Each structure stands twice: as C-alpha cells, then as structure tokens.
Amino acid sequence: MLLVAATTDTPNNRDVAFTQLADPTPGPALVLAEHTLRGLAWHRPDGSPQPNAAQGSVRVPLWACHFDDATGEAAFFATVQWHPDAAVLAGFHRTTPPAVDPAGVASWAAEVVQQSALVNFPVPRPGQRSSEGPEAEAKITLTGPVNPLTVARLLRDHLPATGVPVFGPTVHRRILRSDIYLPPGGRREYAALTPRPDGTWWAKAKVLKDGRLHKSIRPAATRDQALALVSEALGHPRLIHAGRLHRTTWDLPTPTDQDGHWSTVTVDTTTLAPHPGALQQVEIEYGACFTADTATPSAARIQRAVADAADTVAAALTDHHIPHTRNGQSKIEHFLATGDADARH
C-alpha cells in the first residue's frame with residue numbers, strides 16, 4: 001500500500017490530506033501523475049473524510065510512504081519536482097513501522113517525515129556562477145499566512161511571460177535542516193552546516209566585508225570538517241550554536257534578462273528551533289549568466305539583475321492580493337530579534 005500526503009494550491013488552505021494507492025514499482029523514486037490523484041477519496045490523519053478540493057485547484061503530493069508487506073518495511077519518499085502533469089518523489093528514509101492501529105498510520109508517518117525528511121538536492125543552475133562573492137539576494141516577507149504552493153504556482157504561471165524561460169514549468173522542492181552558528185557577539189554574520197543526501201555536508205558562511213555580507217559555500221566530507229571550514233571563514237575558533245534551521249522550499253528560476261542573467265526564486269517556510277514561530281518569505285537570489293562575455297559580471301550588474309527580478313515578483317504578489325513587504329533582514333536576524341522581543345515582555 002502506498003500512502004500519499006498532498007496539499008492543494010488553494011491560497012487559504014494549507015491542510016494536508018491523505019489517500020491510498022496500489023503498490024508502486026520498486027525503485028529509489030516515484031512519479032505520481034496528476035490525473036491519478038483526481039477523483040480519489042481523501043481523508044484527514046484521523047481517518048475522517050477530507051472535503052473535495054476547491055474547483056480549479058489541484059492536489060500536489062508532498063510525501064508518500066510505501067508499506068511493503070513482503071519485507072515489513074516502510075519506505076518514505078518526498079517530492080523534489082512538480083510540474084503540471086506529475087510530481088517526482090525521491091526516497092529519503094526506510095524504517096520498520098510500529099504496531100499501530102490502522103487509523104493512526106497517517107499520523108505516525110507524518111511524524112517520521114517531520115523528524116527525518118531531508119531532500120537537499122541542488123536546484124539546477126545552468127550558466128556561469130561563482131560560489132563566493134558579495135551576497136546578491138532580495139527578500140520579500142509574506143505578512144499573512146498563505147499556502148506557499150499557491151505562491152509558487154502563481155509565479156510559475158506568471159514569470160515566463162516576462163522573458164526567456166531558463167527551463168520548463170518545473171518547480172523544485174527542497175527540505176533542508178541546518179545547524180546555525182554565530183561568532184561571539186555576532187548577529188549578521190553566521191554559518192550554516194547542512195547535510196546532503198550523499199552523507200557529505202555544505203559548509204556555508206556569510207561574512208561582513210566592507211559593510212556587505214559575502215557568502216562562502218564549500219563542500220565537506222564530515223560535519224567536523226564543515227565546522228572547521230566555517231570557523232576559519234568567520235575567523236573564530238569557537239562558534240556559538242544558535243539553533244536548528246528547518247526550511248521547506250519551492251524553487252523556480254526567473255526568465256533571463258536581456259544580458260542573460262537569471263535568478264532563483266524560493267518560496268520559503270522556515271523555523272529556527274528552539275525559537276517560536278515560522279517565517280514565510282520569497283527569496284530572490286542570483287542564479288547565473290548565460291552570456292559568455294559576461295561570465296564574470298560586476299557586483300553592481302548582479303545586484304541590478306536581482307533587484308529587477310524582485311520587482312517582478314513583488315508586482316505579481318500585489319496583483320494577486322498576497323500581502324507582503326520588502327525586507328532585507330535575514331532569517332537568522334528575524335528569529336533572534338523575535339526572541340529578544342519575547343524576552344522583553
């Protein structure tokens with residue numbers, strides 16, 4: 001039996017519903033066609049019926065769990081790509097399910113996903129791009145609760161009309177868990193250690209230089225090596241652990257501008273344990289450049305490309321009445337500032 005958890009792209013509905021399908025073809029990945037999810041009976045975690053999706057909306061799988069009667073194992077898959085016709089899910093975890101009442105299977109599987117899901121495949125970045133240099137990104141904070149899939153879908157439908165698409169209408173999805181470290185007394189500078197599906201790590205640091213944040217992203221074989229790399233980048237042998245960052249994202253590229261530059265648009269829902277609350281943002285980050293003679297564009301040209309892309313995204317949000325604000329504050333600063341405000345009250 002294959003248990004599928006899905007959401008819809010309805011703006012005000014972020015609920016997750018469940019359905020059951022026949023056993024899939026064995027393998028490290030699943031492809032769930034959109035038409036197979038239509039007309040199925042969906043239910044809540046407690047087994048009660050879920051109302052039909054709103055007219056014109058679609059069900060989009062978030063994760064699935066295959067209960068294999070032959071082996072007694074449960075294999076978990078998470079969505080890594082979504083396009084109009086299908087979703088692609090990659091395997092991320094296997095375990096032996098406990099003896100639970102059939103009505104509790106969905107709740108148990110959802111808890112495993114919450115604790116174990118890690119889908120950190122890199123988003124494709126065709127063209128020329130440096131892994132180091134001044135930070136080139138813009139942040140738009142969503143000021144009211146909204147289904148992030150709604151935002152991803154409207155941008156997927158809107159952005160291709162603004163230029164030459166980088167690739168087709170595929171939206172990528174990531175689930176990232178990073179340990180966040182700060183230098184003593186620091187706020188703006190920080191480091192993130194992020195595991196990768198192959199067991200290696202990304203060592204990411206953001207360092208202030210001449211009043212601007214510069215990023216450094218380096219691969220590491222182990223967590224200890226990743227910590228050593230970011231300690232070196234931040235210039236502090238002892239860093240302070242600030243919390244565990246959990247991000248779920250929907251990612252898509254902007255079309256290229258007239259000079260071949262494009263950006264990645266990330267619809268992001270983030271928490272930083274143990275700090276309370278969640279933050280929803282749309283992050284526009286420089287992607288790459290296709291034009292050979294601008295393979296090493298100036299920082300000013302890159303910043304302008306990102307700012308233009310952010311203007312386009314903000315205009316789309318405004319047109320669709322999604323409340324938002326332009327905000328340069330990083331996720332880490334947001335949660336630390338929220339913690340300071342809570343401590344004062």
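Keep in mind that what you see is a predicted model, and the values were worked out from it rather than measured. This chain uses plain numbering: 1 for the first residue, then up along the sequence.
Ring geometry for W63 against F76 counts as tilted: the plane angle lies between 30° and 60°, on a 0 to 90° scale.
Listed by first then second residue, pairs satisfying side-chain hydrogen bond (donor to acceptor under 3.5 Å, both in side chains) with a partner in residues 230-239 number zero, not counting sequence neighbours. Sorted by first and then second residue, the side-chain hydrogen bond (donor to acceptor under 3.5 Å, both in side chains) pairs involving residues 24-38 (not counting sequence neighbours) are E34-R38. Among residues at least two apart or in separate chains, salt bridge (charged side-chain N to carboxylate O under 4.0 Å, His left out) pairs with a member in residues 270-291 are R125-E285, R129-E285, K139-E283, K215-E285, E283-K331.
Side-chain contact between R218 and V230: absent, with no pair of heavy atoms (C-beta onward) separated by less than 4.5 Å. Residues P219 and R196 meet the side-chain proximity criterion, which asks for heavy atoms closer than 4.5 Å. Taking the side chain as every heavy atom from C-beta outward, V151 and W250 never approach each other to under 4.5 Å. Residues V58 and R153 form a side-chain contact, since some pair of their non-hydrogen atoms from C-beta on lies under 4.5 Å apart. Contact check for D259 versus C289: no side-chain heavy atoms found under the 4.5 Å cut-off. Between V16 and L62, some side-chain heavy-atom pair lies under the 4.5 Å cut-off. Taking 4.5 Å as the limit, some side-chain heavy atom of P169 sits within range of a side-chain heavy atom of P84. Taking the side chain as every heavy atom from C-beta outward, T266 and T264 approach each other to under 4.5 Å.
The two residues A136 and V306 make their nearest non-hydrogen contact at O-CG2, 3.7 Å. In terms of heavy atoms, T150 sits closest to D9 at OG1-O, 2.9 Å. When all heavy atoms of L252 and A152 are compared, the pair lying nearest together is CD1-O, 4.3 Å. Summarising the geometry of T8 relative to N147, their closest heavy-atom pair is O-ND2, 2.5 Å, with the distance given to 0.1 Å. Contact between I140 and A310 at its shortest, heavy atoms only, is CD1-O, 3.9 Å. Residues L208 and E189 come closest through the heavy atom pair N-OE2, 2.8 Å.
Not a single salt bridge (charged side-chain N to carboxylate O under 4.0 Å, His left out) links R173 to another residue, sequence neighbours left out. Residues satisfying the side chain to side chain contact (heavy atoms under 4.5 Å, CB included) test with T222, not counting sequence neighbours, are D224, Q225. In this structure, R177 has no salt bridge (charged side-chain N to carboxylate O under 4.0 Å, His left out) partners at least two apart in sequence or on a different chain. Remark: L2 pairs with V4, L21, P24, L30, L32, A64, H66 by the side chain to side chain contact (heavy atoms under 4.5 Å, CB included) rule, at least two apart or across chains. Judged as a side chain to side chain donor-acceptor pair (under 3.5 Å), and not counting sequence neighbours, the contacts of E73 are R94. Every side chain to side chain contact (heavy atoms under 4.5 Å, CB included) that S107 has, sequence neighbours left out, goes to P45. Taking the side chain to side chain contact (heavy atoms under 4.5 Å, CB included) definition, one finds that P145 meets it with R14, sequence neighbours left out. Under the salt bridge (charged side-chain N to carboxylate O under 4.0 Å, His left out) criterion, K204 pairs with no residue, sequence neighbours left out. Residues satisfying the salt bridge (charged side-chain N to carboxylate O under 4.0 Å, His left out) test with R223, not counting sequence neighbours, are D179.
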Worked check of side chain to side chain contact (heavy atoms under 4.5 Å, CB included) between H158 and T312: CA-CA 9 Å; H158 173 81; T312 301; 4.2 Å; yes

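W82 carries R156 over the face of its six-membered ring, with the cationic atom under 6.0 Å from the centre and within 45° of the normal.
By the rule that hydrophobic residues join a cluster once side-chain heavy atoms approach within less than 4.5 Å of another member, F77 and I175 end up as members of separate clusters.
Judged purely by atom type and a 3.5 angstrom limit, H43 has no side-chain atom pairing as donor or acceptor with the backbone of A41. Listed for the R44 side chain is a donor-acceptor partner under 3.5 Å among the backbone atoms of P49.
Classification of D268 and R174 as a salt-bridged pair fails, no side-chain N sitting under 4.0 Å from a carboxylate O.
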